[in-house]
Visitor: 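Please see the structure below; I have some questions.
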Number of protein chains: 2
Amino acid sequence: MQTVGTKERLVNAGVGLFTRQGLASTGIKQILDEADARFSSLYHYFPGGKDELAAAVIARSGADYQRLVESVWDSQPDAATGVREVFEGAADVLEGTDYADACPIATVALEVASTNEELRLATADVFDAWVDSATARLVVAGASAGDARTLAHAVIALLEGAFMLCRATRSTDPMRDAARVAANLVRQAAPADGARG
Amino acid sequence: MQTVGTKERLVNAGVGLFTRQGLASTGIKQILDEADARFSSLYHYFPGGKDELAAAVIARSGADYQRLVESVWDSQPDAATGVREVFEGAADVLEGTDYADACPIATVALEVASTNEELRLATADVFDAWVDSATARLVVAGASAGDARTLAHAVIALLEGAFMLCRATRSTDPMRDAARVAANLVRQAAPADGARG
DNA sequence: GTCTATACTTTGATAGAC
DNA sequence: GTCTATCAAAGTATAGAC
């Protein structure tokens with residue numbers, strides 16, 4: 001069993017706290033408490049302080065969530081089913097975590113969009129990678145190059161917007177509805193997609 | 001020319017600041033500055049302090065944005081065109097405000113979803129009203145009752161998610177793509193919708 | 001790399017005169 | 001209802017020993 005270093009514990013704590021309560025409401029002391037670390041450790045590993053830690057948290061949680069979504073998507077026989085399972089899985093997680101665990105960077109992305117250019121770029125990098133990943137999978141499923149990117153934007157926007165509605169209303173109805181709509185969109189754009197490896 | 005009272009100036013200032021930077025990053029002093037008001041006035045009109053002001057800001061900006069969207073939607077000859085114009089208008093506003101003016105309650109909704117039950121309910125009330133409004137219009141356009149609510153969830157989620165992607169990436173591509181997708185969804189669900197009063 | 005202790009700033013909120 | 005002055009707490013960040 002691998003020992004988890006202080007730096008990794010700091011990032012892990014930040015991932016959970018930023019996901020649930022955002023950047024501004026999360027104090028450094030709260031992160032240090034949860035990571036069982038000291039001020040000196042944080043400023044040793046992240047000389048830039050809270051913002052530098054936040055950038056690392058955004059990159060890590062964004063990449064982790066991308067991998068999770070890709071694994072769910074790729075586990076299904078076709079793209080429409082894959083997308084549907086991503087949304088249904090998100091709904092299940094919402095229910096299982098009292099509507100706390102949703103998109104790990106959504107709250108931070110909105111908080112920093114007009115106030116912190118460095119962190120805004122960090123969130124943009126994550127979203128760009130997600131769009132590229134979804135676009136590539138839709139092309140493989142048979143969508144045209146132009147349609148694939150449009151559809152990727154729509155699917156990711158649907159997911160993010162449904163997360164917001166579900167968390168605010170404490171209902172998974174928006175996510176379940178989005179699952180059906182997203183799957184239908186993919187089915188229409190990639191009608192020939194079928195049995196796959 | 002009507003004099004704007006102190007209470008209204010406080011709410012107005014909150015609307016702008018919460019829209020752009022969210023709840024936690026916005027200090028009361030910043031609101032007071034922008035409203036040209038004093039601490040005593042704020043606690044006179046809102047004895048509950050920042051949270052009570054925030055609840056008023058959420059309700060007011062949510063209702064205002066609903067009215068704006070409805071007026072754009074209803075100005076078009078059919079539901080599909082109406083929805084498309086709502087999204088295109090949102091993209092234009094993003095471009096015209098350096099990606100600052102988007103959904104007035106989105107950032108706050110995510111910030112408070114798991115941390116402040118009173119304010120979470122305030123955002124839920126706003127979203128519920130939006131869903132009801134869109135559902136009613138889609139029913140009028142010819143969608144079945146069940147389809148209409150599903151579609152309303154999808155359209156609003158698309159709008160919110162597209163706002164997020166656009167602000168983070170400083171591009172209106174996601175919103176323009178969402179406009180096409182949303183209009184197509186409405187057209188499919190209400191194919192008989194046409195010339196209207 | 002980690003410890004304890006602290007400096008400095010900003011925050012939300014209140015008191016009391018007028 | 002608005003003024004000035006101020007409070008206690010929490011925020012980020014740093015210093016210096018080990």
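A, B, ... follow the sequence lines: proteins, then strands. Residue 1 opens every chain.
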Visitor: Show your reasoning for whether side chain to side chain donor-acceptor pair (under 3.5 Å) applies to Q21(A) and T115(B).
Guide: CA-CA 7 Å; Q21(A) 47 189 26; T115(B) 58; over 6 Å; no
Visitor: With respect to the side chain of R38(B), which nucleotide from dT2(D), dA13(D), dT4(D) is positioned closest?
Guide: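 Given the options dT2(D), dA13(D), dT4(D), the side chain of R38(B) is closest to dT4(D).
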Visitor: Kindly point out which of dC3(D), dG12(C), dA13(D) is positioned nearest to the side chain of Y43(B)?
Guide: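 That would be dG12(C).
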Visitor: For residues T81(A) and D78(A), is any side-chain donor paired with an opposing acceptor at under 3.5 Å?
Guide: yes
Visitor: For F39(B) and dG1(D), what is the distance between atoms CZ and C1' respectively, to the nearest whole Å?
Guide: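 Rounded to the whole Å, the gap is 17 Å.
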Visitor: In whole angstrom, give the distance that lies between atom NE2 of H44(B) and atom C1' of dT14(C).
Guide: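 After rounding, the reported distance stands at 16 Å.
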Visitor: Nearest to the side chain of Y45(B), which nucleotide is it out of dT2(C), dT11(C), dT2(D)?
Guide: dT2(D)
Visitor: Taking only N and O in the side chain of T6(A), is any of them less than 4.0 Å away from OP1 or OP2 of dG1(C)?
Guide: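 Answer is no, no contact under 4.0 Å.
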Visitor: Hey, does E88(A) have a side-chain heavy atom less than 4.5 Å from the side chain of M175(A)?
Guide: no
Visitor: Please report, rounded to the nearest Å, how far the P atom of dT6(C) is from the CD1 atom of I28(A).
Guide: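 Rounding to the nearest Å, CD1 of I28(A) and P of dT6(C) are 20 Å apart.
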Visitor: Name the nucleic acid region contacted by S25(A), choosing base, sugar-phosphate or nothing; use a 4.0 angstrom heavy-atom cut-off, strictly under.
Guide: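 It contacts nothing in the nucleic acid.
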Visitor: Measure from the side chain of S41(B), starting at C-beta and using heavy atoms only, and say which of dT2(C), dT2(D), dT12(D) lies closest.
Guide: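 Of dT2(C), dT2(D), dT12(D), dT2(D) is nearest to the side chain of S41(B).
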Visitor: Is the positively charged end of K29(A) above the ring of F39(A), judged by distance under 6.0 angstrom from the centroid and angle within 45° of the axis?
Guide: no
Visitor: Find the distance L53(B):CG to dG12(C):P and express it as a whole number of Å.
Guide: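 It is 11 Å, rounded to the nearest whole Å.
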Visitor: Can you check the N116(B) CG to dG12(C) P distance for me, whole Å?
Guide: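 Checked: the CG to P distance equals 14 Å.
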Visitor: Looking only at side-chain N and O atoms, does S40(A) come under 4.0 Å of OP1 or OP2 in dT14(D)?
Guide: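 No, because none of the side-chain N or O atoms of S40(A) sits under 4.0 Å from OP1 or OP2 of dT14(D).
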